[in-house]
Amino acid sequence: MVNILYFASFREMLGQADEQMPAQHSTVGALISELAQRGDLWKQALLENTNLQIAVNHDVASRETAIKAGDEVAFFPPVTGG
Amino acid sequence: MVNILYFASFREMLGQADEQMPAQHSTVGALISELAQRGDLWKQALLENTNLQIAVNHDVASRETAIKAGDEVAFFPPVTGG
Amino acid sequence: MKNAEEMYPYIKIQQADFDLTVENAKLRTGHKDIGAVVSFVGTVRDINEGDEVAILELEHYPGMTEKALEKIRLEAHDRWSLEASLIIHRIGKMYPADQIVLVAVASRHRENAFHAAHFIMDYLKTNAPFWKKETLPDGDVRWVDSRVSDKEAEARWAV
Amino acid sequence: MKNAEEMYPYIKIQQADFDLTVENAKLRTGHKDIGAVVSFVGTVRDINEGDEVAILELEHYPGMTEKALEKIRLEAHDRWSLEASLIIHRIGKMYPADQIVLVAVASRHRENAFHAAHFIMDYLKTNAPFWKKETLPDGDVRWVDSRVSDKEAEARWAV
């Protein structure tokens with residue numbers, strides 16, 4: 001399985017903080033493609049959003065980043081701390 | 001009268017913290033010339049010392065700075081606070 | 001597995017407020033030859049984007065936050081000669097004038113401490129996973145937008 | 001005639017130690033819209049010019065010191081958009097790790113506070129009439145020499 005986390009406006013927009021998916025996608029991009037099929041909201045948030053930030057296992061990642069079973073993938077907007 | 005102050009190594013070297021002199025010198029340079037006549041120690045400290053710092057009435061000054069009765073003239077080495 | 005406090009003793013993510021004097025003393029403890037300590041405290045402004053702010057809420061990504069902050073901290077130690085540094089970032093609800101973040105850096109000479117503290121803050125602003133949500137006095141709630149100026153501030157430090 | 005405290009409320013020359021938390025709170029009191037506070041603390045290093053230092057004694061020029069520090073402080077307010085600033089400098093005997101000086105600057109955004117605090121320290125180092133005398137463990141006493149690096153640090157800020 002792959003652990004998926006949503007933060008801040010993404011969590012609120014998509015209505016969930018985390019979920020698990022079977023580890024059947026080779027990259028973050030492939031995972032996003034499947035999630036986007038859930039509807040317009042998901043497509044907008046993950047596929048068409050140029051502000052999308054991605055982390056894999058707590059490191060900054062991109063759509064090209066490879067993923068495997070046990071990985072933690074996170075989606076969130078640009079950070080605004082400090 | 002002119003009030004003269006000596007600080008830090010100058011105070012120690014010249015053996016005094018302050019003194020008053022008649023206001024008969026038009027500039028700091030003229031005052032220094034008279035003080036330097038007191039002996040080698042004074043000549044070294046005030047006339048031949050390229051590190052000499054001067055203040056008149058709490059503002060940075062130079063040998064050319066004009067002085068008059070009631071002024072406060074201070075001699076000291078480069079500052080080292082902070 | 002060790003907890004975050006053991007793994008990253010100089011990184012703290014907490015709801016509680018912090019005390020500058022106490023944290024400065026902790027920072028310096030056990031380190032010799034310190035001549036300069038620069039502390040940056042970020043506070044909740046009462047105005048943002050022209051609107052009054054009533055409540056600021058800080059969300060973060062547990063685990064990634066500590067790792068990102070430690071990476072920034074160590075990068076600062078690589079770039080400048082530093083004796084010690086620490087980062088504290090609060091999460092949860094805060095109010096105008098509250099302290100949000102502390103970056104404290106100790107070094108022999110002031111130049112390094114000033115640069116390193118500034119660098120850590122600029123990187124934290126664009127690289128550490130925190131998100132601010134503000135509540136206006138009328139009850140409106142909005143996520144704070146990231147600033148272009150923060151990206152530019154970070155870019156200045158590129159080698 | 002007013003005393004120095006009334007003339008220069010944001011400048012303090014004192015023998016007593018200071019508390020960073022207390023001074024930060026005072027700095028911010030009565031000022032709105034502060035988002036960043038940068039505090040610099042200069043401390044007595046236990047080593048100088050390769051020698052251990054046992055005692056550091058600070059002498060100053062009363063009257064001129066306050067005037068010089070206030071001039072530097074106002075120059076910082078001219079150059080950057082600042083909400084508040086203060087300078088505390090201790091005099092008399094101090095010991096390794098003691099606090100010597102505090103420069104604290106509050107502004108809306110961090111950039112200004114960082115630059116202004118750094119500027120004030122660089123100018124203080126070369127323009128405020130303080131002199132340091134150190135006593136080594138064997139009892140030797142010497143005046144601290146001014147540093148070329150401090151003159152260079154000041155020169156960087158020339159307009």
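Residue numbers begin at 1 in each chain, while the letters A, B, ... track the order of the sequences. Basis for what follows: all heavy atoms, side chains included, without hydrogens, waters or symmetry-related copies.
- For chain D, no part of C/A113 is nearby; none of its heavy atoms comes within less than 4.5 Å.
- We find that C/R156 and D/E111 are joined by a salt bridge, their nearest charged nitrogen and carboxylate oxygen being less than 4.0 Å apart.
- Of all the heavy atoms in C/L20 and D/T21, the pair that sits closest is N-OG1, 3.3 Å.
- Contact of D/A97 with chain C is made through backbone and side chain together, with heavy-atom distances under 4.5 Å.
- Only the backbone of D/V44 comes within contact range of chain C, judged by heavy atoms closer than 4.5 Å.
- Counting non-hydrogen atoms of other residues, nucleotides and ligands closer than 6.0 Å to CD of D/E52 gives a total of 12 or fewer.
- Most heavy-atom pairs under 4.5 Å with chain C: of the set D/A117, D/P96, D/A106, this distinction falls to D/A117.
- Of the atoms belonging to C/E23, not a single heavy atom falls under 4.5 Å from chain D.
- Classification of the C/F114-D/F40 ring pair by plane angle, with boundaries at 30° and 60°, yields parallel.
- Listed options C/V105, C/D122, C/N24, C/V53 were ranked by heavy-atom pairs under 4.5 angstrom with chain D; first place goes to C/D122.
- Using a 4.5 Å cut-off between heavy atoms, C/A104 makes no contact with chain D at all.
- Both the backbone and the side chain of C/A36 come within contact range of chain D, each with at least one heavy atom under 4.5 Å from a heavy atom of that chain.
- Between C/R45 and D/I34, the closest heavy-atom pair is CG-O, 3.5 Å.
- In plain terms, the two heavy atoms of C/R28 and D/D98 that are nearest each other are NH2-N, 4.4 Å.
- Within a 6.0 Å radius of OH in C/Y10, no more than 12 heavy atoms belonging to other residues, nucleotides or ligands are found.
- For chain D, the nearby parts of C/D19 are the backbone and the side chain; heavy atoms of each come within less than 4.5 Å.
- For D/K133, the NZ atom is densely surrounded, since the number of other residues' heavy atoms within 6.0 Å is greater than 12.
- Here C/D33 is the residue among C/V22, C/D33, C/V103 with the most heavy-atom pairs under 4.5 Å with chain D.
- Interface check for chain C: of the options D/R110, D/K32, D/H109, the most heavy-atom pairs under 4.5 Å are formed by D/R110.
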Verdict with supporting geometry, D/H118 and C/H118, ring-ring contact (aromatic ring centres under 6.0 Å, His included): CA-CA 11 Å; D/H118 198 166; C/H118 199 166; 9.5 Å; no
